[in-house]
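The structure under discussion appears below in the form of C-alpha cells.
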Amino acid sequence: MTQIVKTVFLLASLCVGLHSTLAQKRGFQHGYIIEKSGDTLKGYIKDRSPEPFVSLFKKVRFIKEGSRRTRKYGPEAILGYGDENDDYVAIPFREEVQFLKFRYYSDAFAPMTFLRVIRRSEELIYYEQQFVQDDNNYLNTVPFFHKPSSKQMVRVTQGLFGFRKKHIVEYFSQCPALIQAVNQKNPEIQSVMDLYEFCLENCAF
C-alpha cells in the first residue's frame, strides 16, 4: 500500500469515526430503515426524545452511513426501522369502538403506524404499541397479538387489571387448551410472553 493510499484510507476512517460520534451525540443510535422496495439502509436512527420525559416522533429521523443529511420517515414511507435493541414495522392499525367495546384491526381502511415487534412467527405476531400520555410524559406500552391470517388483532392486557381474558378467549376460540389455561389461571402463564409461548405450543392456526 502506497503512502498516498494509506493517507486516504486514514482520512476516510477518521471521517467515518467523527460522523458516528457526532450522530450519537445528537441522540442517534446505530440502526437501519427498510425502504418500500425492500432494501435495507444502514446508518443512525432516532425516534424519540431522551428519557425520562419521552416524546415519540411521528416521523423517525435517519442519517444514512456516509451522509450528514437527516431525513424523516413516517410509517407511510418505509416498511420499518430498528436500532441495536428494537425492531419496528409499519402496518395498518386502527381502533374501533362500539357500545364501549374496543376492537383492533389491521386492514386496508386503517392508517399506517409503527409497532414494535417483540416476537414473530408465521402463525402469530406479538406487537407492542408505544405511546406517551399527555399528562405525564412517560412511555407506556400496550401488547397485541395478531394472527396474520386475520384482519383483527387482540389487545392482551388492560392496564393494572391483567389479561383481557374475554377477548383472548374470543380471539383464540379454536384453541381449547388456551381457553382452559386462561380461565383456570394456569400458573405457567404469568406474563404476556408466557401467553405467547403457550399459544405457539398448544394452538393450531
Side-chain angles (χ1 to χ4, degrees), residues 1 5-6 8-51 54-95 104-132 139-154 192-193 196 199-200 205:
M1 186 181 293
V5 173
K6 288 182 179 179
V8 172
F9 180 78
L10 178 61
L11 289 174
S13 298
L14 290 173
C15 288
V16 171
L18 178 61
H19 176 67
S20 174
T21 300
L22 291 174
Q24 291 174 349
K25 281 186 176 180
R26 291 166 55 192
F28 284 77
Q29 301 183 62
H30 288 284
Y32 67 90
I33 63 167
I34 304 176
E35 296 184 303
K36 286 286 190 179
S37 63
D39 293 332
T40 299
L41 302 181
K42 294 183 178 180
Y44 306 91
I45 202 86
K46 183 178 180 181
D47 65 355
R48 66 196 64 194
S49 63
E51 295 182 348
V54 178
S55 175
L56 296 175
F57 301 150
K58 292 183 178 180
K59 295 184 177 182
V60 299
R61 278 68 164 161
F62 179 71
I63 303 175
K64 184 179 177 182
E65 282 187 347
S67 172
R68 289 179 174 270
R69 183 179 179 183
T70 301
R71 293 179 177 270
K72 298 180 181 179
Y73 296 94
E76 305 84 6
I78 56 177
L79 297 180
Y81 72 95
D83 55 33
E84 297 172 331
N85 302 308
D86 302 310
D87 300 294
Y88 298 82
V89 293
I91 67 167
F93 177 83
R94 67 184 174 92
E95 177 184 83
Y104 303 89
Y105 298 90
S106 179
D107 56 36
F109 301 101
M112 300 297 292
T113 191
F114 289 124
L115 294 180
R116 182 186 176 202
V117 180
I118 307 298
R119 287 286 301 277
R120 182 201 300 270
S121 72
E122 292 183 1
E123 298 84 10
L124 189 65
I125 305 174
Y126 172 5
Y127 290 121
E128 184 180 81
Q129 181 189 35
Q130 299 183 333
F131 66 97
V132 176
L139 185 67
N140 295 274
T141 60
V142 177
F144 289 91
F145 286 176
H146 182 215
K147 293 182 287 188
S149 59
S150 172
K151 292 182 180 180
Q152 190 170 345
M153 307 171 73
V154 61
V192 178
M193 184 58 74
Y196 178 83
C199 289
L200 292 184
F205 295 90

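Residue numbers count from 1 along this sequence.
Here P75 pairs with A90, M112, F114 under the side chain to side chain contact (heavy atoms under 4.5 Å, CB included) rule; sequence neighbours left out. In terms of the salt bridge (charged side-chain N to carboxylate O under 4.0 Å, His left out) criterion, residue partners of E128 (sequence neighbours excluded) are, by chain and number, R116. Legend: residues meeting side chain to side chain contact (heavy atoms under 4.5 Å, CB included) with Y32, ordered by chain and number and at least two apart, are I34, T40, D87. For the side-chain hydrogen bond (donor to acceptor under 3.5 Å, both in side chains) test, residues two or more places apart in sequence or in another chain that qualify with E95 are Y104. Checked against ring-ring contact (aromatic ring centres under 6.0 Å, His included), Y105 has no partners two or more places apart in sequence or in another chain. Every residue two or more places apart in sequence or in another chain that forms a side chain to side chain contact (heavy atoms under 4.5 Å, CB included) with R120 is listed here: V89, V117, I125. For the side-chain hydrogen bond (donor to acceptor under 3.5 Å, both in side chains) test, no residue two or more places apart in sequence or in another chain qualifies with R71. With sequence neighbours excluded, no residue forms a side-chain hydrogen bond (donor to acceptor under 3.5 Å, both in side chains) with Y196. Annotation: side-chain hydrogen bond (donor to acceptor under 3.5 Å, both in side chains) contacts of S37 (sequence neighbours excluded): D39.
Considering only heavy atoms from C-beta on, M153 comes within 4.5 Å of Y127 through its side chain. Between I118 and V192 there is no side-chain heavy-atom pair separated by less than 4.5 Å. K42 places none of its side-chain heavy atoms less than 4.5 Å from the side chain of K64. Side-chain contact check for F28 versus I45: every heavy-atom pair is 4.5 Å or farther apart. For the pair L200 and S121, the minimum side-chain heavy-atom distance is below 4.5 Å. Two residues are said to be in side-chain contact when any heavy atoms from C-beta on lie closer than 4.5 Å; K36 and I78 fail this criterion. Taking 4.5 Å as the limit, some side-chain heavy atom of D47 sits within range of a side-chain heavy atom of Y81.
Between F93 and F144, the two ring planes are perpendicular [angle over 60°; tilted spans 30° to 60°].
Here the CZ atom belonging to F205 is positioned 6.5 Å from the CD atom belonging to E123, to the nearest 0.5 angstrom. From L124, atom CG reaches atom SG of C199 across 6.0 Å, with rounding to the nearest 0.5 Å. Here the straight-line distance linking atom CG of L56 with atom CD of Q130 works out to 6.5 Å at 0.5 Å rounding.
Counting only residues at least two apart or in different chains, ring pair (Phe, Tyr, Trp, His ring centres under 6.0 Å) contacts with residues 54-76 are absent. Pairs of residues two or more places apart, or lying in two chains, never qualify as side-chain hydrogen bond (donor to acceptor under 3.5 Å, both in side chains) while including a residue from residues 143-153. Residue pairs that meet the salt bridge (charged side-chain N to carboxylate O under 4.0 Å, His left out) test with at least one member in residues 104-114, sequence neighbours left out, are R94-D107.
Heavy-atom minimum distance, S106 versus P92: OG-O, 2.8 Å. The nearest pair of heavy atoms linking V54 to R48 is CG1-CB, 4.0 Å.
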